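Have a look at the structure below before the remarks.
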Number of protein chains: 2
Amino acid sequence: MRKNNKGITIYDIAEKLKVSPTTVSRALNDHHSISKETTLSVKKLAKKMGYRPNSVASNLRKNKTNTIGVIVPLINRPFIAALISGIEDTASQSDYNVIISQTYDSYKKEVATAHTLYSSRVDGLIVSLAMETRQYDHFHAFLENKIPLISVDRIAPELETDCVAIDNHSAGFKATEHLIEMGCRRIAHLGGAQHRNTYRGRQQGYLDALKKHNLPIDERLVVHSKLSMEEGRESTKYLLGLPNPPDGIFSANDSAAVSAIQYAKLKGWHIPQDLAVIGFNNDPISSIIEPQLTTISHPAHDMGKIAAQQILRHQEYGHIVQSQNTVLKTEVIVRDSTQRKITTSSIHRNSA
Amino acid sequence: MRKNNKGITIYDIAEKLKVSPTTVSRALNDHHSISKETTLSVKKLAKKMGYRPNSVASNLRKNKTNTIGVIVPLINRPFIAALISGIEDTASQSDYNVIISQTYDSYKKEVATAHTLYSSRVDGLIVSLAMETRQYDHFHAFLENKIPLISVDRIAPELETDCVAIDNHSAGFKATEHLIEMGCRRIAHLGGAQHRNTYRGRQQGYLDALKKHNLPIDERLVVHSKLSMEEGRESTKYLLGLPNPPDGIFSANDSAAVSAIQYAKLKGWHIPQDLAVIGFNNDPISSIIEPQLTTISHPAHDMGKIAAQQILRHQEYGHIVQSQNTVLKTEVIVRDSTQRKITTSSIHRNSA
DNA sequence: TTGTACGCGTTATCAA
DNA sequence: TTGATAACGCGTACAA
């Protein structure tokens, strides 16, 4: 019976019940100081009147929003969607909301989004950096005010936060070594921009694996792009057209790897006999392509869960929580695109 | 210089500048009544002091959160991820936040989520219904309080909201008719639960196409499941084991269609000669499988954009806005899995 | 053009 | 066990 019929508040309940709003508030939150009868009657009336708590008011008063902000490059990618799903799982279990936004790899949009989310007073922020981003001032407000900030997957040493990521170097190393074990001696790499940790790590792993096995490093075999399907195809076209083409490709993602297979097959190459291919991420397409793509597992869903848990722990224990970097395990998922019988494939173009 | 160093408020700025908080508030919002000099000096100091507007307070005062709530079954699906991406695009352009939550097709979780989002006072809600959901009381609060509620894709007549969806019947009809045009005479259907409009519509379209072309309806050729890869495989195993197996399959999604192809090939069937297969959704896997899968386009990203736009229009024009149902076009994307003879039909061939 | 005073709905503090 | 009061930070009707 207050001004508008729109929102029933604790005052409305208090009035009808002839108690104070304080009591109503406490009853609704199961505060121990309120008698069972009062609590019960408050809840009963609240339900009857269709009362809906107003989180906005509560958030303001408590200076806490129970909300996690998430900034990612692009939602519509298998890896990112799984990441978000993991975050949402954990968050919703603890009654946290999740606000998402995508940057499309634009620095400008990342800055704007970070500001918006700060204004929204999210209780924590999970970020996977945009490709373009090379400075990190837009996150300072979070750091200064001790709002937990977690970088996932695409991280940066300049941004001093807790991180959840994989060991890209080790993964790239394992991928390359796998090809070597399968008999490849001239291994190409489809890589991404080197200022992002993910692609840089994978490429370094690739190079180090070659070194370890005393294989020559040929710069012509390293191709950088955004690793789209189209670019994967173009890169492969270039590689296979070389006077001395590779006998194996390690691609830093599955899209490019899949299109590499498609192009190579089109041109009559046999996979994996003539060309072994290994991808990265274990996207759904990797197990559909023929031959099925050997790839590196990427625990995106777990990553999301862990990142969210880390934020929740900060909430729970305040800032006693140790800063913490989580490095998740990856593994080579061996499928047909690299499974060549060493005996059959010993027809090498060049012997080192 | 107020109590804590944590939050700088308009009061802090006002104090330093010896103006009233009102003036600061107005200056920051570019209110016309404030002189340019004042506005400038306020903004300058605000920046210098590292002021960050508190949306929570603003939201409470304005009774508006600039937030769209989104409820979907499961984020980590190509179709849903694209939908969310579309919503976020449109929302962020108008400075709206997007809160997402997934139900895992559980009615219970949908109810809880709806309540949470109502408490968060989202300015609008976009829902794709959980599989389990058969009653809709949990959305009443939105309807009663004139909070725009849009159903997308999975909609229900019992829930009287604006809708954005495709014409599932027409799509199912076209898919089936395409198989018939390709010479199939015994067409099976991999369908989903019939109480959800999407799968029901597709199946009805299938049945009506058969009727139109005077093909017999054989109930043994209609298999219901959740259309996972595993179930697609099992269903196909059953179908191909029938004494009189089908020569075409219309699957209500791409996952099941892809696994149908995989299983059939494994058993020595030739696609499309022995068995033509058409899927639904145009997921990435559909253009990777061999032969590439003919499927139905599903404008998920556009759906998201349109749904968000509809909410924004409600915000802008109040409740003058007409209730509105949007039905998006779908088309048959013809690929190799159904190309059993050269067709001169007007259907456009597409391999993207 | 600027300021005063109040309210948004809730919760924390202190007193009873 | 309950209540009165203030406060969270901002926006706005009204007054100056």
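As a basis for the values below, the full set of heavy atoms in this structure was taken, side chains included, without hydrogen atoms, waters or symmetry mates. Quick caveat: nothing in here was measured; it's all calculated off a predicted structure. Proteins get letters first, then strands, A, B, ... in listed order; numbering begins at 1 in each.
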State whether [X] places a side-chain N or O below 4.0 Å from either non-bridging phosphate oxygen (OP1 or OP2) of [N].
{"X": "B:Thr9", "N": "D:dG9", "answer": "no"}
{"X": "B:Tyr11", "N": "D:dA7", "answer": "no"}
{"X": "A:Thr22", "N": "D:dA4", "answer": "no"}
{"X": "B:Thr38", "N": "C:dT2", "answer": "yes"}
{"X": "A:Thr23", "N": "D:dG3", "answer": "yes"}
{"X": "A:Ser20", "N": "D:dA4", "answer": "no"}

Taking the nucleotide of DNA chain C with the nearest heavy atom to each, does B:Arg61 or B:Ser35 sit closer to the 5' end?
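The residue closer to the strand's 5' end, by nearest nucleotide, is B:Ser35.
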With DNA chain C as reference, determine whether A:Leu60 or B:His31 sits nearer its 5' end, using the nearest nucleotide of each.
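The residue closer to the strand's 5' end, by nearest nucleotide, is B:His31.
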Nearest whole Å is fine: how far is [N] [atom2] from [X] [atom1]?
{"X": "B:Ile34", "N": "D:dT12", "atom1": "CD1", "atom2": "C1'", "result": "12 Å"}
{"X": "A:Glu37", "N": "D:dT2", "atom1": "CD", "atom2": "C1'", "result": "13 Å"}
{"X": "A:Asn59", "N": "D:dC10", "atom1": "CG", "atom2": "C1'", "result": "15 Å"}
{"X": "B:Lys62", "N": "C:dG9", "atom1": "NZ", "atom2": "P", "result": "16 Å"}
{"X": "B:Ile8", "N": "D:dC8", "atom1": "CD1", "atom2": "C1'", "result": "16 Å"}
{"X": "B:Arg121", "N": "C:dG9", "atom1": "CZ", "atom2": "P", "result": "8 Å"}
{"X": "A:Ile13", "N": "C:dT11", "atom1": "CD1", "atom2": "P", "result": "11 Å"}
{"X": "A:Lys18", "N": "D:dT1", "atom1": "NZ", "atom2": "P", "result": "23 Å"}

Of the listed nucleotides ([options]), which one gets closest to any side-chain atom of [X]?
{"X": "A:Ser25", "options": "D:dG9, C:dT11, D:dT2", "answer": "C:dT11"}
{"X": "B:Ala57", "options": "C:dT10, D:dG3, D:dG9", "answer": "D:dG9"}
{"X": "B:Ser33", "options": "C:dT11, C:dG3, C:dT2", "answer": "C:dT2"}

Going through the checks in order, is the salt bridge (charged side-chain N to carboxylate O under 4.0 Å, His left out) test met by A:Lys36 and A:Asp30?
CA-CA 9 Å; A:Lys36 285 185 182 171; A:Asp30 287 312; over 6 Å; no
Any base atoms under 4.0 Å from B:Asn29, or only sugar-phosphate, or nothing? Heavy atoms, all strands.
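Since only primed, P, OP1 and OP2 atoms lie under 4.0 Å of B:Asn29, the category is sugar-phosphate.
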Scan B:Val56 against the nucleic acid and name what it touches under 4.0 Å (heavy atoms): base, sugar-phosphate only, or nothing.
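The residue B:Val56 makes no contact with any strand.
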Pairwise 5' ranking along DNA chain D for A:Pro21 and A:His32, keeping only the more 5' one
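That would be A:His32.
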For the residue pair [X] and [Y], what are the closest heavy atoms and their distance?
{"X": "A:Leu74", "Y": "B:Ser85", "value": "CD1-OG, 4.4 Å"}
{"X": "A:Ala165", "Y": "A:Met303", "value": "CA-CE, 3.5 Å"}
{"X": "A:Met49", "Y": "A:Lys16", "value": "CE-CE, 4.0 Å"}

Using only modelled atom types and a 3.5 angstrom limit, is any donor from either the side chain of B:Arg26 or the base of C:dG3 paired with an acceptor on the other?
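A donor-acceptor contact between them is present.
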Quick test of your reading of the model: are A:Lys305 and A:Asp89 salt-bridged, counting only N-O distances below 4.0 Å?
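No, no charged N to carboxylate O under 4.0 Å.
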Ring center gap for A:Tyr118 and A:His138 short of 6.0 angstrom
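Judged by ring-centre distance (under 6.0 Å), A:Tyr118 and A:His138 do not meet the cut-off.
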